[in-house]
Amino acid sequence: MTGYVFIIGDPVEHSLSPDMHNAAFAHLGLDLRYLRFRVPRERLENAVRGLRGLGIVGANVTTPLKRDIIKHLDRLAPSSAETGAVNTVVAEEGELVGHNTDGEGAISALEEATTLDGRYVVVLGAGGTAAAVCYALASRDVSLLILNRTPSHAEELAASLNPARGVETGSLLDRDAVRRVHASDVVVNATTVGMGEDRSPLPSDAFHPGMTVLDCVYHPLHTRLLREAEGAGAVTIPGTRMLIHQGAASFRLWTGKPAPLDVIEGGLVRALGRRGQL
Ligand SMILES: NC(=O)c1ccc[n+]([C@@H]2O[C@H](COP(=O)([O-])OP(=O)(O)OC[C@H]3O[C@@H](n4cnc5c(N)ncnc54)[C@H](OP(=O)(O)O)[C@@H]3O)[C@@H](O)[C@H]2O)c1
């Protein structure tokens, strides 16, 4: 019988995940379908009951439900327990288990372009995505700097980490932030700045050749941050690489099979093309 995977959030119309996963399910001949459902916060509890009742294989969870869903699940994997956010739900022997694949997605995207060991990494932001990225980075041999508009949020995030090396924090809005970013090897933008707008969280003189810059924001595809970093000679990674890898990690959790990365990417590119976003 056909198994179902849902994405729930509000909004979800923009999500590229159905295109990525349905392409991968079809390619591997899996009898699975991926559907999107808009679920406003006030309907979350009933929606999770519905997921249980329908006997889903799994789900993705997006804004604004990533934290709220936790109290409705049976268990959390360490990736979710540590970050306090869920982007993937897996049905396991009658239980709904929360996972977070955003951190793994970011690390895989970075490691396609650079090595992380011994590097000085700056994460911009201290929200849910920044937390997932910082938790994944904390287990690596990196020095970490978290810069955020509200410095106290960066301090709270840093205090919750157990980093292999040191972790520093600061204000993203200080002029000093530019100097600190310029001194780094790797930059990850995990703020919402640039999403659906032509703005960058950093001025263009923050970048240098030899730097690697990942923008978690993937709409638009070529954000101002990436264009300016590329102009300064940095290696740039669009948010779609992270999206592909976090999707691949969720796919493995649901199916137990390695994800066909090129097929997932093909599904994503076709969806972007249909929307005129390439
Ligand atoms: N590529 C992928 O696979 C992927 C996966 C997950 C998320 N994302 C993207 O990651 C981004 C962050 O999402 P999220 O869920 O982490 O958001 P979030 O939890 O709401 O956090 C937002 C962060 O952005 C900062 N911020 C907001 N407006 C700002 C401004 N005007 N200037 C400077 N900083 C500002 C906030 O700072 P304060 O603490 O000061 O409020 C906070 O650190 C989104 O664009 C999302 O689409 C991408």
Side-chain angles (χ1 to χ4, degrees), residues 7 9-17 19-21 41 60-69 79-80 83-88 99-110 112 122-136 145-158 160 169-174 177-178 181 187-203 206 213-226 236-251 259 261 264-265 268 271-272 277:
I7 180 165
D10 185 17
V12 283
E13 292 74 11
H14 67 287
S15 174
L16 299 163
S17 296
D19 302 275
M20 289 165 31
H21 288 295
R41 266 206 177 99
N60 277 137
V61 183
T62 188
T63 316
L65 309 177
K66 285 181 172 187
R67 290 187 192 276
D68 294 11
I69 195 167
S79 59
S80 276
T83 55
V86 167
N87 80 333
T88 302
H99 296 252
N100 194 326
T101 64
D102 283 337
E104 184 180 339
I107 296 278
S108 299
L110 286 169
E112 283 180 334
V122 181
V123 174
L124 312 178
T129 307
V133 172
C134 287
Y135 272 99
L145 169 63
I146 306 168
L147 295 176
N148 194 46
R149 175 177 64 177
T150 310
S152 61
H153 295 168
E155 285 156 23
E156 282 161 27
L157 173 55
S160 71
T169 62
S171 165
L172 176 58
L173 307 180
D174 276 1
V178 178
V181 171
V187 180
V188 179
N189 175 34
T191 72
T192 47
V193 180
M195 195 167 70
E197 59 181 9
D198 192 30
R199 281 206 307 144
S200 170
L202 289 169
V213 180
L214 164 65
D215 199 344
C216 298
V217 173
Y218 58 85
H219 180 63
L221 218 48
H222 306 288
T223 58
R224 176 180 281 261
L225 173 90
L226 291 180
T236 58
I237 309 167
T240 45
R241 287 314 298 171
M242 173 176 167
L243 190 66
I244 288 166
H245 283 290
Q246 65 77 30
S250 301
F251 184 97
L261 275 183
I264 287 186
E265 182 178 11
L268 180 142
L272 288 172
Q277 288 175 8

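Every value quoted in this text rests on a predicted model; they were computed, and no experiment measured them. As the structure lists them, so they are numbered: ligands from 1, and atoms in each ligand from 1. Each residue takes its place number in the sequence, starting with 1.
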With nothing but distance in play, are any N or O atoms of [X] less than 3.5 Å from an N or O of ligand 1?
| X | value |
| --- | --- |
| Arg149 | yes |
| Thr129 | yes |
| Thr240 | no |
| Leu172 | no |

Taking the minimum heavy-atom distance to [atom], which of [options] ranks first?
| atom | options | answer |
| --- | --- | --- |
| atom 21 (O) of ligand 1 | Ala130, Gly247, Gly127 | Gly127 |
| atom 39 (O) of ligand 1 | His219, His245, His153, His14 | His153 |
| atom 3 (O) of ligand 1 | Val123, Ile244, Leu243 | Leu243 |

Side chain, backbone, both or neither: Asn148 near ligand 1, heavy atoms under 4.0 Å: side chain
Structural part of Val193 in contact with ligand 1, heavy atom criterion under 4.0 angstrom: side chain
Test item: side-chain donor near acceptor, Thr129 and Asp102, under 3.5 Å: no
Between Asn189 and Thr191: side-chain donor-acceptor atoms closer than 3.5 Å: yes
Is there a heavy atom in [X] that sits closer than 4.0 Å to ligand 1?
| X | answer |
| --- | --- |
| Gly105 | no |
| Arg199 | yes |
| Pro201 | no |

Arg241 and Glu265 ion-paired at < 4.0 Å: yes
Sidechain N-carboxylate O distance under 4.0 Å for Asp68, Arg41: yes
Pairwise distance OG1(Thr223) to CZ(Arg199) - rounded to 0.5 angstrom: 12.5 Å
Side chain to side chain contact (heavy atoms under 4.5 Å, CB included) partner of Leu124, the single match among Leu145, Val193, Leu147: Leu147
